[in-house]
Amino acid sequence: VQLQASGGGLVQAGDSLRLSCAASGRALRDYVVGWFRAVPGKEREFVATIARNGVYKDYGDSVKGRFTSSRDNAKNTVFLQMSNLRPEDTAVYYCAAAWRSHSNVRLTTPESYSNWGQGTLVTVSS
């Protein structure tokens, strides 16, 4: 499956932004999807994961209560709704997918994923 992340941009602290991860080549409904972010000099950070069924989700501690992941399997797309953005949320955001047979699996480590999108830059100014 090929992934294309989009929706990044420059926003002010407190604003909201929605990222999209569009899949092609395979049906995204067969994949667990994760969101990660990266800044220079730091390890890739887990942001969110959403199970195939869209019901089970996990979030990184730094984004809990502010970010929400959802998916539209009919449109082969996963979303990351980001609210109350902070300057420390500035990063390149990546979506990733991993095939799993069980519909409620979530994956929180980058090593679990074999398919990655190219990343989209989010910049939050103070």
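Only heavy atoms go into these numbers, but all of them, side chains included; no hydrogens, no water, no symmetry mates.
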Looking at [X] and [Y], would you say the former's side chain and the latter's main chain have a donor-acceptor pair under 3.5 Å?
X: Arg18; Y: Gln81; value: no
X: Asn84; Y: Arg66; value: no
X: Thr120; Y: Gly8; value: yes
X: Asn73; Y: Asn76; value: no
X: Thr77; Y: Lys75; value: yes

From OG (Ser70) to CZ (Phe79), nearest 0.5 Å: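 CZ of Phe79 is found 6.0 Å from OG of Ser70.
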Determine the minimum heavy-atom distance between [X] and [Y], stating which atoms define it.
X: Val39; Y: Ala91; answer: CG1-CB, 3.6 Å
X: Ser103; Y: Ala51; answer: O-CB, 3.3 Å
X: Arg71; Y: Arg52; answer: NH1-CA, 3.4 Å
X: Ser69; Y: Ala48; answer: CB-CB, 4.3 Å
X: Ala98; Y: Leu107; answer: CB-CD1, 3.6 Å

ILVMFWY clustering at 4.5 Å (side-chain atoms), partners of Ile50: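 So far as hydrophobic clustering goes, Ile50 is joined with Val1, Leu3, Val11, Leu17, Leu19, Leu28, Tyr31, Val33, Trp35, Val47, Tyr59, Val63, Phe67, Val78, Leu80, Met82, Leu85, Tyr93, Trp99, Val122, Val124.
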Atom CZ of Arg100 with >12 non-hydrogen neighbours under 6.0 angstrom: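 Above 12, so yes.
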Side chain proximity check, Val105 to Tyr56, heavy atoms < 4.5 angstrom: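 Of all side-chain heavy-atom pairs linking Tyr56 with Val105, none is under 4.5 Å.
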Selection residues 42-51 - residue pairs positive for side chain to side chain donor-acceptor pair (under 3.5 Å), sequence neighbours left out: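 Residue pairs passing side chain to side chain donor-acceptor pair (under 3.5 Å), neighbours aside: Arg37-Glu45, Glu45-Ser62, Thr49-Tyr113.
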Pairs touching residues 86-126 that satisfy disulfide bond (SG atoms under 2.5 Å apart), sequence neighbours left out: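 Found Cys21-Cys95.
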Lys57 vs Arg106, side-chain contact (heavy atoms from CB on, under 4.5 Å): CA-CA, chis, key distance, verdict: CA-CA 7 Å; Lys57 308 170 189 179; Arg106 291 95 70 203; 5.7 Å; no
Geometric class of the Phe36/Trp116 ring pair [parallel <30°, tilted 30-60°, perpendicular >60°]: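 The rings of Trp116 and Phe36 sit tilted, inter-plane angle from 30° to 60°.
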NZ/NE/NH1/NH2 to OD/OE distance under 4.0 Å, Asp89 and Arg86: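 Salt bridge between Asp89 and Arg86, a charged N being under 4.0 Å from a carboxylate O: no.
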